[in-house]
Amino acid sequence: MKEKIITDRRLVFKTILAFAVFFVAFGIGVYAWIQLRHEEKIGGVQKTLRKGLSTNEKIFSGLFNQQKLVKTYPISEAVKNVRVNGRDGLRTPLDSAGWRLHVVKNNGDTLSFTLEDMKKLPKTDVVFDFKCIEGWSQKTWWSGVKFSDFINHYHLSDEVKMSYAGLSTPDKQYYVGIDMPSIMHPQTLLCYEMNGKPLPLDQGYPLRLIIPVKYGIKHLKRIGTIYFSNQKPPDFWAERGYDYYAGH
Ligand SMILES: Nc1nc2c(c(=O)[nH]1)N[C@H]1C(S)=C(S)[C@@H](COP(=O)(O)O)O[C@H]1N2
Ligand SMILES: [Mo]
């Protein structure tokens, strides 16, 4: 009998304690949420969350090994119907004849290249698993000029001593910033062919970036201009709250 009373009391105590713990935890959650909502945003995302992304970036860029290749596949495994995703910077009608790749040098000079200029350089293929941050991926086949071959051929060694490359579409509606080790990675291409044929318009004709070490958001279609900087170039999706580094 006596024992049962103690058990009941303990039960009541434990119940109250459980509720108390629940309400305190709930309160902390609500408080954190309110704080976060009022926090100023950096690049489309609350300061605290951006700090988390920046920490990830430091860890992953520190671990990045430029010699380590992304897994590749035989051409036979590449899909025939390649998904089209993202048309920012492609809505302005393309002036095919007038199109040039513009490369801004550190001294302010701008070099211009035609598609034919690009095709004169050695051609490289890559078949890899293209990953979009939205959660889909597909094995796709791309060909073009290795970014590092292009840099070496045109003696842009001073430019690639900078920390970042910035790329944008001719109409400047889509733009990305990429850390130099990733854009100089041996699998990064200035790409002009998909599945052995010229790039379709909505896949970035005449020239797009293919950068297997990054998520899809960085594979800018229809490159207009490339420049170099020690500051992070503006980046379309980073401004909308996504990870700037976007490596995987
Ligand atoms: N100019 C431009 N390039 C872009 C985008 C875009 O909206 N505009 N979207 C990006 C995103 S989010 C992805 S997943 C890939 C998709 O490439 P695809 O259309 O060839 O599949 O392109 C990237 N490059
Ligand atoms: Mo994407």
Side-chain angles (χ1 to χ4, degrees), residues 43-45 50 52-73 78-79 82-90 101 124-151 160 162-169 174-194 199 203-204 207-229 231-248:
V45 89
R50 180 56 69 192
L53 289 174
S54 302
T55 305
N56 285 347
E57 177 169 338
K58 280 199 197 95
I59 295 169
F60 287 106
S61 57
L63 290 174
F64 185 77
N65 174 353
Q66 217 187 25
Q67 298 321 313
K68 189 168 178 273
L69 299 181
V70 167
K71 188 169 165 41
T72 55
Y73 300 86
V79 298
V82 182
R83 187 168 171 157
V84 174
N85 201 47
R87 300 194 44 84
D88 295 285
L90 304 185
L101 168 67
T124 303
D125 294 271
V126 66
V127 181
F128 75 107
D129 199 20
F130 189 110
K131 296 187 177 109
C132 171
I133 246 163
E134 291 165 6
W136 55 268
S137 77
Q138 54 179 200
K139 292 178 189 121
T140 43
W141 170 28
W142 310 91
S143 330
V145 184
K146 254 189 215 185
F147 188 83
S148 58
D149 284 349
F150 174 79
I151 294 296
V160 296
M162 312 287 266
S163 306
Y164 297 94
L167 293 84
S168 62
T169 54
Y174 195 80
Y175 38 91
V176 299
I178 294 170
D179 55 284
M180 205 57 78
S182 297
I183 201 159
M184 289 296 283
H185 184 274
Q187 289 171 307
T188 302
L189 303 183
L190 292 168
C191 161
Y192 51 79
E193 278 181 12
M194 186 187 80
L199 280 178
Q203 235 107 21
L207 194 72
R208 76 176 295 173
L209 188 68
I210 285 293
I211 181 160
V213 295
K214 299 289 192 192
Y215 276 105
I217 43 177
K218 298 286 188 182
H219 298 229
L220 184 132
K221 300 189 274 194
R222 196 190 288 182
I223 307 173
T225 303
I226 303 178
Y227 65 98
F228 304 90
S229 167
Q231 276 82 47
K232 276 184 178 172
D235 186 278
F236 186 92
W237 282 111
E239 284 170 5
R240 287 155 181 80
Y242 284 82
D243 180 24
Y244 192 96
Y245 189 66
H248 57 71

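The residues of the chain are indexed from 1 along the displayed sequence.
Not a single side chain to side chain donor-acceptor pair (under 3.5 Å) links Gln66 to another residue, sequence neighbours left out.
The side-chain tip of Arg240 points at the ring of Phe236 from less than 6.0 angstrom away and within 45° of straight on. In this structure, Lys214 satisfies the cation-pi test against Tyr245, with its NZ or CZ atom closer than 6.0 Å to the six-membered ring centre and inside 45 degrees of the ring normal. Annotation: cation-pi pair Lys139/Tyr73 present, NZ/CZ under 6.0 Å from the ring centroid and within 45° of its normal.
Interatomic distance, Phe60 CZ to His248 NE2, rounded to the nearest 0.5 Å: 12.0 Å. In this structure, CH2 in Trp141 is found 14.5 Å from CZ in Phe128, a value given to the nearest 0.5 Å. Atoms CD1 and SG, from Ile223 and Cys191 in turn, are 8.5 Å apart once rounded to the nearest 0.5 Å. Between the CD1 atom of Ile133 and the CH2 atom of Trp237 there is a distance of 9.5 Å, given to the nearest 0.5 Å. Atom CD1 of Ile226 and atom CD1 of Ile183 lie 6.0 Å apart (nearest 0.5 Å).
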- Could you walk me through whether Leu209 and Lys218 pass side-chain contact (heavy atoms from CB on, under 4.5 Å), step by step? CA-CA 8 Å; Leu209 188 68; Lys218 298 286 188 182; 5.5 Å; no
- Task: I would like to know whether His219 and Phe130 meet ring-ring contact (aromatic ring centres under 6.0 Å, His included); could you show each step before the answer?
- Result: CA-CA 10 Å; His219 298 229; Phe130 189 110; 4.5 Å; yes
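Classification of the Phe228-Phe147 ring pair by plane angle, with boundaries at 30° and 60°, yields tilted.
Side chains of Arg222 and Leu207 form no contact here, defined as non-hydrogen atoms less than 4.5 Å apart. Contact of the Tyr215 side chain with the Asp243 side chain is not registered, since no non-hydrogen atoms from C-beta on lie closer than 4.5 Å. Side chains of Ser163 and Asp179 form no contact here, defined as non-hydrogen atoms less than 4.5 Å apart. Within the 4.5 Å cutoff, no side-chain heavy atoms of Leu220 are placed close to those of Arg208. With a 4.5 Å cut-off on side-chain heavy atoms, Ile178 and Ile211 count as touching. Between Thr225 and Tyr175, every side-chain heavy-atom pair lies at or beyond the 4.5 Å cut-off. Within the 4.5 Å cutoff, the side chain of Leu69 has heavy atoms near those of the Gln187 side chain.
Between the side chain of Asp88 and the backbone N or O of Tyr174, no donor-acceptor pair lies under 3.5 Å.
Applying the salt bridge (Lys or Arg N to Asp or Glu O under 4.0 Å) test to every pair with at least one member in residues 56-73, sequence neighbours left out, gives these pairs: Glu57-Lys232.
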